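Some notes on the structure that comes next.
Atoms considered below: every heavy atom in the structure, side chains included; atoms not considered: hydrogens, waters and symmetry mates. Because the structure is a prediction, the values reported are computed rather than measured.
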Amino acid sequence: MFEHLEKYAGDPIFGLNEAFHRDMHPQKVNLTVGLYYDNEGHIPVLASVKTAEQRRAQDPQSRPYLPMEGLASYRDAVQKLVFGASHKVLQDKKVATIQSVGGTGALKVGADFLHLAYPDSDVWISDPAWDNHHSIFQGAGVKSHSYSYYDPETKSLKFDQMLAEISALPPNSFVLLHPCCHNPTGVDLSQDQWLQLLPILAERQLIPFLDMAYQGFGAGLDEDAFAVRAMADAGLTFLVANSFSKNLSFYGERCGGLSVVCSSADEADGVLGQLKAVVRRIYSSPPMHGGQITSDVLNDTQLCAVWEQEVADMRQRIAFVRKQAHQQLTAKVPGYDSSYFVKQRGMFTYTGLSRAQLMALREHHGVYIIDSGRISVPGLNTRNLEYFTDAMADVLGLG
């Protein structure tokens, strides 16, 4: 009955990750999957999370279904984290927020909701992009396109071209944007560039959809939300997806949020109802355990302070690795410009390595980088960084 269906080719990143695990190279380095690892190469269990879970375990409770929109305490914590506790859009109750199944689930619910509201509109996504962005919107029935973003020659932002293309989009088009730590390039808009973009979004009557999967990994929890809060200040209607996978090291618990900023409290109430209807059609309600722990951490003053320091520690470790990689490559390959390591931010760095260089890294050195040349920076640590930069120096001459 299903012989006519094409076989799923699999996700290329996960496929390469599997190849890494099969590799017998004694010094192999995995820079493929976007996971945060500590300096020992482990996915950390944060102390704030551990404490919250221990408290919950001491008083076990029954596990009923959560409401379709999720825990009220969780949703309130998401709004305060994303927009700032005192922001006027929260005081005016103009934001509809749901607890989602990870950041990916937030994107899926948002895509379905947008297609319901504007069935003839398309979405524009940065070039390059996280491949799943296109898949999610296409799966929701939304045709996807790309706008210029990254310049491989300069390893920087094509900002003027990006502005020109977005300025020409039809009204009610959806524009997917990264407030911080762009995936996959690590190249972000400056605050001044965001302020130049906002009037264009408003004048063209475009609908921004912000994907904030790495809040706290760029410049800080508040600093990384600059674009979100600037849009809210400007009175735009927009969507923002956030995730706790990275900054709470809570990957498998699938904790995220979707917020829609509306023009009035009444509109926000209606939007929340439509979001609940979308959720009901997909998964009915979000998971309880992850939601409770996330809520406990963010709503407890002491635990939240511990968590904020843990996020700062992770961010600083990423910055340290970037700085060390740049310094070592500068010393080992004097003619090679590795400044992108320190200019880009967050989990990922775009190296611009050729196919031949990437294959040489895998086959001769056991260093695994995905085909785009994107490095997941937290895969580097004080034990493997010297080996990695030696391997880079060896292949850079291949062209």
query = Rounded to the nearest 0.5 Å, how far does CZ of Phe388 lie from CG of Asp390?
reply = 10.5 Å
message = If I take atom CG from residue Asp160 and atom NZ from residue Lys158, how far apart are they, to the nearest 0.5 angstrom?
response = 12.0 Å
task = Give a yes or no on whether Phe320 atom CZ has more than 12 heavy-atom contacts from other residues, nucleotides or ligands under 6.0 Å away.
result = no
message = Tell me whether the rings of His25 and Tyr387 are parallel (<30°), tilted (30 to 60°) or perpendicular (>60°).
response = tilted
Donor-acceptor contacts under 3.5 Å from residues 216-227 side chains, at least two apart:
{"unit_1": "Asp222", "atom_1": "OD1", "unit_2": "Arg229", "atom_2": "NH1", "d": "3.1"}
{"unit_1": "Asp222", "atom_1": "OD1", "unit_2": "Arg229", "atom_2": "NH2", "d": "3.2"}
{"unit_1": "Asp224", "atom_1": "OD1", "unit_2": "Ala219", "atom_2": "N", "d": "2.8"}
{"unit_1": "Asp224", "atom_1": "OD2", "unit_2": "Gly216", "atom_2": "N", "d": "2.8"}
{"unit_1": "Asp224", "atom_1": "OD2", "unit_2": "Phe217", "atom_2": "N", "d": "3.3"}
{"unit_1": "Asp224", "atom_1": "OD2", "unit_2": "Gly218", "atom_2": "N", "d": "2.9"}

ask   = Could you give the distance from NE2 (His178) to CG (Asp211), rounded to the nearest 0.5 Å?
value = 6.0 Å
ask   = Backbone N or O of Ala77 within a donor-acceptor pair of the Asn299 side chain at under 3.5 Å?
value = no
query = Can you name the closest pair of heavy atoms from Ala111 and Phe209 and give their distance?
reply = N-CE1, 4.0 Å
task = Group every Ile, Leu, Val, Met, Phe, Trp and Tyr by side-chain heavy-atom contacts under 4.5 Å, then state whether Val240 and Phe244 land in the same group.
result = yes
task = Decide if atom NZ of Lys80 counts as having more than 12 heavy atoms of other residues, nucleotides or ligands within a radius under 6.0 Å.
result = no
message = Working to the nearest 0.5 angstrom, can you tell me the gap between Leu157 CG and Ser190 OG?
response = 8.5 Å
inquiry  = Counting only heavy atoms not in Glu153 (residues, nucleotides, ligands), do more than 12 fall under 6.0 Å from its CD?
reply    = no
task = In sequence, state the C-alpha distance, the side-chain angles, and the governing distance for Asp337 and Ser339, and then conclude on side-chain hydrogen bond (donor to acceptor under 3.5 Å, both in side chains).
result = CA-CA 6 Å; Asp337 182 8; Ser339 62; 2.7 Å; yes
ask   = Backbone N or O of Val109 within a donor-acceptor pair of the Asp112 side chain at under 3.5 Å?
value = no
ask   = Under the salt bridge (Lys or Arg N to Asp or Glu O under 4.0 Å) criterion, do Asp394 and Lys332 qualify, and how do the steps go?
value = CA-CA 10 Å; Asp394 182 60; Lys332 293 174 182 179; over 6 Å; no
task = Name the orientation class of the two ring planes belonging to Tyr147 and Tyr149 (parallel below 30°, tilted from 30 to 60°, perpendicular beyond 60°).
result = perpendicular
task = Indicate whether any N or O donor in one side chain lies under 3.5 Å from an N or O acceptor in the other, for Gln58 and Gln54.
result = no
inquiry  = Walk me through whether Leu177 and Trp194 qualify under side chain to side chain contact (heavy atoms under 4.5 Å, CB included).
reply    = CA-CA 11 Å; Leu177 298 157; Trp194 278 113; 4.0 Å; yes
inquiry  = Is it the case that atom CG in Asp313 sees more than 12 heavy atoms from other parts of the structure closer than 6.0 Å?
reply    = yes
query = Given Met231, which of Leu198, Val89, Leu197 fulfils the side-chain contact (heavy atoms from CB on, under 4.5 Å) condition?
reply = Leu198
query = Does the side chain of Tyr36 pick up a donor-acceptor pair with the side chain of Arg317 at under 3.5 Å?
reply = yes
task = Report yes or no: does Gln357 contribute a side-chain atom to a donor-acceptor pair with the main-chain N or O of Ser354 at less than 3.5 Å?
result = yes
query = Can you tell me if Asn172 and Ser121 form a side-chain donor-acceptor pair at under 3.5 Å?
reply = no
task = Quick one: closest heavy-atom pair of Lys108 and Gly139, and the distance?
result = NZ-O, 4.0 Å
task = Determine, using the 4.5 Å side-chain heavy-atom cutoff (strictly less than), whether Leu358 and Val377 are members of one ILVMFWY cluster.
result = yes
request  = Determine yes or no for a side-chain-to-main-chain donor-acceptor pair under 3.5 angstrom, with Arg383 supplying the side chain and Glu40 the backbone.
outcome  = yes
ask   = Between His365 and Gln27, does any side-chain donor sit less than 3.5 Å from a side-chain acceptor?
value = no
query = So, does Ser249 use its side chain to make a donor-acceptor pair with the main chain of Pro44 at under 3.5 Å?
reply = yes
ask   = Ion pair present between Asp296 and Arg56, side-chain N to carboxylate O less than 4.0 angstrom?
value = yes
request  = Quick one: do Leu189 and Met162 satisfy side chain to side chain contact (heavy atoms under 4.5 Å, CB included)? Show the steps, please.
outcome  = CA-CA 11 Å; Leu189 278 70; Met162 172 186 173; 4.1 Å; yes
query = Does His326 offer a backbone N or O that forms a donor-acceptor pair with the side chain of Thr330 under 3.5 Å?
reply = yes
query = How many angstroms lie between OG in Ser146 and CD in Glu165, if you round to the nearest 0.5 Å?
reply = 9.5 Å
inquiry  = Could you check whether atom CD of Gln91 has more than 12 heavy atoms from other residues, nucleotides or ligands sitting under 6.0 Å from it?
reply    = yes
message = Whether the side chain of Ser100 engages the backbone of Gly257 through a donor-acceptor N/O pair (distance < 3.5 Å, no angle test) should be reported.
response = yes
task = Give the intermediate values and the outcome of side chain to side chain contact (heavy atoms under 4.5 Å, CB included) for residues Thr104 and Arg254.
result = CA-CA 9 Å; Thr104 306; Arg254 310 310 295 135; 3.8 Å; yes
inquiry  = Is it true that His87 and Asp233 share a donor-acceptor pair across their side chains at a distance under 3.5 Å?
reply    = yes
query = Is the closest side-chain donor-acceptor distance between Gln196 and Asp192 under 3.5 Å?
reply = yes
Which atom of Thr349 lies closest to which atom of Gln344, heavy atoms considered = CA-OE1, 3.1 Å
query = Is there a donor-acceptor pair closer than 3.5 Å between any side-chain N or O of Gln99 and the backbone N or O of Ser73?
reply = no
remark   = Smallest heavy-atom separation, Asp23 atom then Arg362 atom, equals OD2-O, 4.1 Å
query = Is there a path from Val82 to Ile207 through hydrophobic residues (I, L, V, M, F, W, Y) whose side chains come within less than 4.5 Å of each other?
reply = no
Could you list the donor-acceptor pairs under 3.5 angstrom formed by side chains in residues 269-280, with sequence neighbours left out?
{"unit_1": "Arg280", "atom_1": "NH1", "unit_2": "Ser284", "atom_2": "OG", "d": "2.6"}

key: Gln193 to Asp188 - nearest heavy-atom pair and separation   = OE1-O, 4.3 Å
query = Honestly curious: do Phe137 and Trp124 fall in one hydrophobic cluster under the side-chain, below-4.5 Å linking rule?
reply = no
inquiry  = Applying the ring-ring contact (aromatic ring centres under 6.0 Å, His included) criterion to Tyr350, which one of Tyr150, Phe341, Tyr340 satisfies it?
reply    = Tyr150
ask   = Can you check whether Lys155 reaches Lys343 side chain to side chain, under 4.5 Å on heavy atoms?
value = no
message = Val33 vs Phe20, test: side chain to side chain contact (heavy atoms under 4.5 Å, CB included). Steps then yes/no.
response = CA-CA 11 Å; Val33 180; Phe20 166 81; over 6 Å; no
request  = Please answer: with hydrophobic residues joined when any side-chain heavy atoms are less than 4.5 Å apart, are Ile293 and Ile43 in the same cluster?
outcome  = yes
Nearest heavy-atom neighbours spanning Ser126 and Pro128 = OG-O, 2.8 Å
